[in-house]
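Note sheet for the following structure.
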Protein chains: 2
Amino acid sequence: MSRRSGVLEFAVLGLLRESPMHGYELRKRLNTSLGVFRAFSYGSLYPCLKALVQRGWLAEEPSGGLGEPPASLTGRRAKIVYRLTAEGKEHFEDLLSQTGPDAWEDEHFGVRFAFFGQTSRDVRMRVLEGRRSRLEERLAKMRASLARTRDRLDDYTLELQRHGMESVEREVRWLSELIESERSGRPARGTGPDRPETPGQDRPDRPEPGPSDNTDR
Amino acid sequence: MSRRSGVLEFAVLGLLRESPMHGYELRKRLNTSLGVFRAFSYGSLYPCLKALVQRGWLAEEPSGGLGEPPASLTGRRAKIVYRLTAEGKEHFEDLLSQTGPDAWEDEHFGVRFAFFGQTSRDVRMRVLEGRRSRLEERLAKMRASLARTRDRLDDYTLELQRHGMESVEREVRWLSELIESERSGRPARGTGPDRPETPGQDRPDRPEPGPSDNTDR
DNA sequence: GTTAGCATGTAAGGAGTTACATGATTTT
DNA sequence: AAAATCATGTAACTCCTTACATGCTAAC
């Protein structure tokens, strides 16, 4: 009933903090920004939006905000544009600053990372290090369990185990590199060149209609 | 109510096919055999077992099977040992032979792979190839979406995307190696460089019993 | 003139988890 | 005698999906 999920709620607040949007677009951005990690359907998004409005974290702007013509002229069905309220912003910042174990478990880490641009450096460090030690712990258990059961397992199970461990080891290396980068300045190591410092504050413009963004399955 | 899950049900049938077990042990094996991929709690396992019994796929053996003393003598609380019935075996083989898209989606692929030892070679091939082309499709979408949105994304989102894509690419390579191995004989491919045919024995491991099997969270 | 995309929603249900409840037995 | 492990189970809840319902517009 309440629909106050963890990940979805967090992501919605985070995206709306960057700029107001309506549900349909939000869902597209959700499924590209968070990339591989999660995909959400309208069946969860719309109820979530309503719940967030009821809590006072979002406000609906019935039609196109301020400078836009009413729906009756554009023809399109009335969009409901959602925008983060002051309380919503405050709440999101609370969430951002949390560094409990929740922050680095599998379900949450991806979305936390996705909003690292909005996160303070020390929180980023704690989350990255928390994640890394969580994975190292897991790795130790896997090694122990493998040593115990190695000869009972068939080739495929063994191969699955091996590949799983390698994946975890790879993520640990990735985290180590990121932690190293954090310690000594900016993330670096992107595809493009270093962008010094763009806070990305108020941008009342919407980026671009972006014709076909088919993220549907 | 019915609790007839996908993954859990499959895994339970698969493990019980190898040998009868009681719930508690089953759960431990579930969480090590399937490794990183999933962890199940008693709250889902026990109802699932009951549902499988009701469908006639499992049978309960109230106490320790045939040659064992009754619970009143061993002291232990009566274990309920579950064993796969003939119908259950048949059903599991049906499941094993299915090669629909379900078999290679994220949620199912791991458990399907874990029981490749029980799966016929052509089914294995179809599942591996299905998985691979699913991932390649996903990769194409990610690349397209990245090309479209690259400059709007901040460094962290970009890095997340990049790492996600690399993970998928890595899994594709893994699958390709496995497919290649399948085509030309046995799985092979152990941990180190090419070991001709040693099922893993000599190793600087400590065979320590390690009494605490704490798979709990 | 039909497919594809835009846009919003609801009802029902699936697949699991957490927290609780119980109790015996082995280890420390 | 306390703590850990073995062992089984239930009720309530979470978070999300699927399938459905609606209707408009742009492009092929």
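Side-chain atoms are counted along with the backbone in the values below, which use heavy atoms only and exclude waters and symmetry mates. Each chain gets a letter, A, B and so on, in the order the sequences are listed, and its residues count up from 1.
The environment of Q54(A) atom CD is sparse: at most 12 non-hydrogen atoms of other residues, nucleotides or ligands sit within 6.0 angstrom.
Taking atom NZ of K50(A) as the reference point, atom C1' of dC15(D) lies 19 Å away to the nearest angstrom. Y46(B) has its OH atom 16 Å from the P atom of dA11(D), to the nearest Å. The separation between L49(B) atom CG and dG9(D) atom C1' is 11 Å, rounded to whole Å. Here dT18(C) presents its C1' atom at 16 Å from CG of L45(B), a figure rounded to the nearest Å.
Considering only side-chain N and O atoms, S41(A) lies nowhere under 4.0 angstrom from the phosphate OP1 or OP2 of dC16(D). Within the 4.0 Å cut-off from OP1 or OP2 of dA15(C), not a single side-chain nitrogen or oxygen of S44(B) is found.
When the nucleotides dT18(D), dT17(C), dT8(C) are ranked by their closest atom to the side chain of F40(B), dT17(C) comes out on top.
For T85(A), there are no side-chain hydrogen bond (donor to acceptor under 3.5 Å, both in side chains) partners at least two apart in sequence or on another chain.
Proximity of a side-chain donor or acceptor of E90(B) to a complementary backbone N or O of W57(B) within less than 3.5 Å is not detected.
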Could you go through residues 111-120 of chain A and list every donor-acceptor pair under 3.5 Å that involves a side-chain atom there, pairing it with any protein atom two or more places apart or in another chain?
residue, atom, partner, partner atom, Å
R112(A), NH1, Q98(A), O, 3.0
R112(A), NH2, L96(A), O, 2.5
R112(A), NH2, Q98(A), O, 3.2
Q118(A), OE1, R17(A), NH1, 3.3
Q118(A), NE2, E18(A), OE2, 3.3
T119(A), OG1, F115(A), O, 2.8
S120(A), OG, D122(A), OD1, 2.7

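Comparing the helix axis at one end of the helix from dG1(C)-dC28(D) to dT28(C)-dA1(D) with that at the other, each defined from 5 consecutive pairs, gives an inter-axis angle of 40° (nearest 10°).
Between V172(A) and W174(A) there is no side-chain heavy-atom pair separated by less than 4.5 Å.
Cation-pi geometry between R27(A) and F40(A) is not met: the NZ or CZ atom fails to fall both under 6.0 Å from the ring centre and inside 45° of the normal.
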